[in-house]
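Remarks on the structure that follows.
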2 protein chains.
Amino acid sequence: MAGDNGRDGEGWATMGEVAARAGVSPMTVSRVLKEPGRVRPTTRTRVEAAIAELGYVPDAAAGALASRQSRLVAALVSTLAGSIFASTIAGLGAVLREAGHELLLGTTEYSSSSEEALLRAVLGRRPGGLVLSAGQHTPAARRLLERATRGLGVPVVEIWQLPERPVDMAVGFSNFAAGRAMTAFLADLGYRRIAFVGVLGPDDFRGLRRHAGYREALAERGLGEPRAFGSGGSGGSVEDGARGLAAVLERWPDCDAVFCGSDPLAFGAIAEAARRGLAVPGELAVAGFGDFDYAGEAGLALTTVRIPGERIGRETARLLLERKAGRLEGPVVVDLGFELVRRRTA
Amino acid sequence: MAGDNGRDGEGWATMGEVAARAGVSPMTVSRVLKEPGRVRPTTRTRVEAAIAELGYVPDAAAGALASRQSRLVAALVSTLAGSIFASTIAGLGAVLREAGHELLLGTTEYSSSSEEALLRAVLGRRPGGLVLSAGQHTPAARRLLERATRGLGVPVVEIWQLPERPVDMAVGFSNFAAGRAMTAFLADLGYRRIAFVGVLGPDDFRGLRRHAGYREALAERGLGEPRAFGSGGSGGSVEDGARGLAAVLERWPDCDAVFCGSDPLAFGAIAEAARRGLAVPGELAVAGFGDFDYAGEAGLALTTVRIPGERIGRETARLLLERKAGRLEGPVVVDLGFELVRRRTA
DNA sequence: TTGAAAGCGGTACCAT
DNA sequence: ATGGTACCGCTTTCAA
């Protein structure tokens, strides 16, 4: 097995070196890489041999500069924790990679000021597309985004929600509708004193929308005043759920159901109920949001809202690619919906 | 607040345009950005104004090409699912960003052939560092890596394990030692018929090592033949845990403890035990691995092995940065250890 | 303290 | 089917 190791020299081989070795011009090497069909087979074979022998790996920065195409897509998500966006990122990455794009990842940790800084850094890479999970942007960030998409034609996709005023495109579902649907569902099941436990910090836009949906459903059904407890900004953990239920029960001891803004919160609530000897769903029903792995029959058997996380990622990639190919005009908002999953906790 | 929107023209402003507007040469603009101290304050102010007015964002590809520094670090992890690597990636990203580097992310989904393809793609970006979670590399991938680190001086960090023969550096812990320690711990607690449920596919190197540790401990303590059940390649879900326990109990009905290769598996096992009316830990003890959020007292109260996931990320970033700064020589292997956490399931 | 010139490693475009 | 020649936008180096 000769070659393939590359030569021992310094640095990577350049296209010029490959060309010299194959006895052709750099342009021919470039063609072998991009449009092999346009090169005579015998020439192509020689060039491919030279590439293999030198272990040549083209420099993407140079290519990007010359072609004005970075083949990079940036994704800025609020967090990777809790596996909320993990499947979305996985789906996004898989589709993009097949199309020859790389994924530049940034996490804002639910702070919109760092979203802006990240955005600037990432924009310097001239990404061919931008994916954002954050619901709200600072004015400066918004300007940057508008500029990127209007002025430069960079496709932007906001995910996991349906913004009223999308920057460009959006793929997600209505958090408001989902919050309302689950609450109404609990009401249909006969629960009358339904509480809500969620993350109600100003930076978690989606949590706020779910909560709004909850209130809406309560009002529609005449179910009385909201009984909501919001954990702090970075909340959303199992422990927050346990604390949340405790707080709710202290204030409204007669609750017969709790709708939690996320499955981890629901888990905490269920554990806390068990600790208090409350039968679930007999004495207290619990519903979650997200349909995490452990919410299934084999685990919590949790009644929850299923979100098509990976599909959001794949659809986002598809949209990005379509628009870049010029096959898609104007604003696009794709509602992938959600699904109420009834299991055994409500 | 004039400007900041940038001009309406096509494309991004270039450094030359900023220079023209400020009445200086491009070099001065470049200096204002990289070494502000070397530019006279009055000049600097003019340049900064021009930058703001044009909404100038430097082109990183051009910078990378000219300076031969990409300011990009690539991380190739086997998966984002299950939040195993999520905190590591978050820690890595946070430290890198502060140092002005971006994160290029790729997921191999536990297939080493796609690791190789990804590696080639990513190497084209000439990353300043490489982070890998996969335990084993194909021969070609290994050659690529050796070349990158030896020939080109690209720091490579393998994480979440301590390879016997590291490509360059490593940050993690011994999966073997952790598997052995938990098994020995269960033995110390008095359990005698300890089973193991894990992912034993050939691509999950770390799972295999934990299993090996389990067998070692059994042998050391004279606890008889191993009672292990391995779910398929992509296993590791809560459902796999339930199935795993069922399979184990069918074959060895007298087990008094199960050590699961991950917390989700342990969750499934606990749920399955409940279904069968087995008291945990009274009739069956269960231990997990990972110390996920829901393993805590507020959730499962699971006896498990805690891994310093985020610290692995931060330490990895630190090493990368140190080595790039030339303050670190030779192979480095950092063992961040693990911690046995006893809670209420064993 | 500032600027001019020469690339970095590719690709677009136009010849041949 | 192949090659020549600019040039992408920035930094390095050296000079003023």
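From a predicted model like this one, the values you see are computed outputs, not experimental measurements.
How far CG of A:Leu33 is from OG1 of A:Thr28: 11.5 Å, rounded to the nearest 0.5 Å. Taking CD1 of B:Ile89 as the start and CD1 of A:Ile89 as the end, the distance is 11.0 Å to the nearest 0.5 Å. Taking CZ of B:Arg44 as the start and CD1 of B:Ile51 as the end, the distance is 11.5 Å to the nearest 0.5 Å. Taking CG of B:Leu119 as the start and CZ of B:Arg142 as the end, the distance is 12.0 Å to the nearest 0.5 Å.
When each of A:Pro26 and B:Gly23 is assigned the nucleotide of DNA chain C bearing its nearest heavy atom, the one mapping closer to the 5' terminus is B:Gly23. In terms of position on DNA chain D, the residue among A:Arg40 and A:Arg126 whose nearest nucleotide sits closer to the 5' end is A:Arg40.
Atom-to-atom, CE of B:Met15 to P of D:dC10 comes out at 5 Å; the value is rounded to the nearest Å. Following rounding to the nearest Å, A:Arg125 (CZ) and D:dG9 (P) show an atom-to-atom distance of 17 Å. Regarding B:Lys34, its NZ atom lies at a distance of 9 Å from the C1' atom of D:dT11, rounded to whole Å. One atom, CZ of A:Arg68, and another, P of D:dC7, lie 12 Å apart when rounded to the nearest Å. B:Met27 places its CE atom 8 Å from the P atom of D:dT12, with the value rounded to the nearest Å. Going from atom CZ of B:Arg71 over to atom C1' of D:dC10 covers 14 Å, rounded to whole Å. For the pair B:Leu65 CG and D:dC7 P, the computed distance is 17 Å after rounding to whole Å.
A salt bridge links B:Glu146 to B:Arg150: one of the charged nitrogens lies within less than 4.0 Å of a carboxylate oxygen.
When heavy atoms are screened at a 4.0 angstrom cut-off, B:Pro58 is found touching the sugar-phosphate backbone but no base atom.
Nearest to the side-chain atoms of A:Arg31 among the listed nucleotides D:dT2, D:dG9, D:dC14 stands D:dT2.
Contact of the A:Leu132 side chain with the A:His137 side chain is registered, since non-hydrogen atoms from C-beta on lie closer than 4.5 Å.
Using a 4.0 Å cut-off, no side-chain N or O of B:Ser67 falls inside it from OP1 or OP2 of D:dT11. Applying the 4.0 Å criterion to OP1 and OP2 of D:dT2, one finds that A:Thr43 has a side-chain N or O inside that range. The phosphate of D:dT2 has neither OP1 nor OP2 within less than 4.0 Å of any side-chain N or O from A:Thr28. Checking the phosphate oxygens (OP1, OP2) of D:dC10, a side-chain nitrogen or oxygen of B:Tyr56 falls inside 4.0 Å.
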Audit row: B:Leu80, B:Leu105, side chain to side chain contact (heavy atoms under 4.5 Å, CB included) steps and yes/no: CA-CA 10 Å; B:Leu80 240 32; B:Leu105 180 77; 3.8 Å; yes

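Using a 4.0 Å cutoff to heavy atoms of chain B, the contacted part of DNA chain C runs 5' to 3' from C:dT1 to C:dG9.
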